[in-house]
Amino acid sequence: MNRTGRALALGCLLLAQPLLALADGNSLLIPAPGRCSLDALPADLAQAVAACQQLAQAGDAQAQYELGAFYYDGKGTAQDLSQALNYFEQASLKGHAQAQYRLGLMFFHGEAVPANNVQAYIVLKMAAVNGAEDALDSADEVAEHMSQEEIDNATQVLGQIFRKYLSELQTADGHTPFSPLP
């Protein structure tokens, strides 16, 4: 590395030093301002939850998901499945794949709601379409507990959901979902 390159690298490290100091001794953790983070120390947890709730109320799907996971896992507080369900539902409606995955599992296991395999199957399939890696395997597991009639009904509902989605895409800006981007 030439002298200029070393000076540039050193300058970048010196600029990053204040951020690293905020990371509480872990040089790999750099705080992301404005992000909902519930990995706070117990003394700061109430403030972190309040900040995350504010983001969630403003419609931030990631904050809604993180609150759902927080209440589901019971980190720093008692597990609250009804709160988890509420936040997972909010994020799911915004297409948050991981929230849909967790919500589907809650429907499958009957956590905070009566078990409903059809609903679980539908939500897990949507999660898979939106990118949740384990959702397709979980949907297959749910399908093993369903009758053929239940699978047919769920598939029909999924077809309606996707047809509506494609229709909305087509009418949103006058382009079809398959037309070239401008």
Side-chain angles (χ1 to χ4, degrees), residues 16 18-143 145-146 154 157-158 160-162 164-165 168-169 172:
L19 291 174
L20 295 176
L22 293 173
D24 232 350
N26 186 340
S27 62
L28 297 177
L29 296 177
I30 298 174
R35 184 178 168 272
C36 175
S37 178
L38 296 173
D39 293 330
L41 297 173
D44 302 327
L45 190 58
Q47 183 179 2
V49 170
C52 196
Q53 287 173 333
Q54 188 174 18
L55 288 169
Q57 288 173 353
D60 185 307
Q62 182 63 29
Q64 292 164 343
Y65 167 74
E66 289 188 30
L67 280 166
F70 175 77
Y71 286 114
Y72 186 89
D73 296 336
K75 291 182 180 175
T77 184
Q79 184 182 43
D80 188 339
L81 293 178
S82 64
Q83 283 280 45
L85 180 73
N86 175 47
Y87 284 114
F88 285 150
E89 284 177 335
Q90 290 178 40
S92 292
L93 291 172
K94 291 179 178 63
H96 193 287
Q98 284 305 116
Q100 290 171 334
Y101 173 66
R102 302 277 300 262
L103 182 63
L105 292 178
M106 288 183 79
F107 281 125
F108 180 51
H109 297 295
E111 296 173 311
V113 293
N116 185 329
N117 289 340
V118 173
Q119 188 71 26
Y121 182 83
I122 292 168
V123 174
L124 288 167
K125 286 286 190 171
M126 290 173 57
V129 167
N130 286 323
E133 292 181 20
D134 295 331
L136 201 52
D137 290 337
S138 295
D140 290 342
E141 181 183 347
V142 171
H145 300 275
M146 296 170 64
V157 169
L158 284 166
Q160 291 170 352
I161 290 169
F162 291 124
K164 181 179 180 212
Y165 173 72
E168 288 173 4
L169 282 178

Trainee: Taking disulfide (SG to SG under 2.5 Å) as the cut-off, I'd like each qualifying pair that reaches into residues 63-97, sequence neighbours left out, listed once.
Mentor: none
Trainee: Please identify each residue that fulfils side chain to side chain donor-acceptor pair (under 3.5 Å) with Asn130, with sequence neighbours left out.
Mentor: Gln100
Trainee: Which atom names give the shortest non-hydrogen contact between Met106 and Ala112, and what distance separates them?
Mentor: CE-CB, 4.1 Å
Trainee: Of the non-hydrogen atoms in His96 and Tyr65, which two are nearest, and what is the gap between them?
Mentor: CE1-CG, 3.4 Å
Trainee: Which residues pass the side chain to side chain contact (heavy atoms under 4.5 Å, CB included) test with Leu136, sequence neighbours left out?
Mentor: Lys125, Ala128
Trainee: Quick one: list whatever passes side chain to side chain contact (heavy atoms under 4.5 Å, CB included) with Glu141, sequence neighbours left out.
Mentor: Phe108
Trainee: With sequence neighbours left out, what residues match Asn86 under side chain to side chain donor-acceptor pair (under 3.5 Å)?
Mentor: Gln90
Trainee: Which pairs of donor and acceptor atoms, one on a side chain in residues 113-120, lie under 3.5 Å apart (sequence neighbours left out)?
Mentor:
unit_1 : atom_1 : unit_2 : atom_2 : d
Asn116 : OD1    : Val118 : N      : 3.2
Asn116 : OD1    : Gln119 : N      : 2.9
Asn117 : ND2    : His145 : O      : 3.4

Trainee: Would you list the pairs meeting salt bridge (charged side-chain N to carboxylate O under 4.0 Å, His left out) in which at least one residue belongs to residues 78-89, sequence neighbours left out?
Mentor: none
Trainee: Can you pull the disulfide (SG to SG under 2.5 Å) pairs that have at least one residue in residues 67-126, sequence neighbours excluded?
Mentor: none
Trainee: My understanding is that only residues two or more places apart in sequence, or in another chain, count here; which of them pass salt bridge (Lys or Arg N to Asp or Glu O under 4.0 Å) with Asp73?
Mentor: Arg102
Trainee: Using a 3.5 Å cut-off and no angle test, enumerate the donor-acceptor pairs between side-chain atoms of residues 47-59 and protein atoms at least two apart in sequence or in another chain.
Mentor:
unit_1 : atom_1 : unit_2 : atom_2 : d
Gln53  : NE2    : Tyr71  : OH     : 3.3

Trainee: Mind checking what makes side chain to side chain contact (heavy atoms under 4.5 Å, CB included) contact with Tyr165, not counting sequence neighbours?
Mentor: Leu169
Trainee: Quick one: ring-ring contact (aromatic ring centres under 6.0 Å, His included) pairs with a partner in residues 114-137, sequence neighbours left out?
Mentor: none
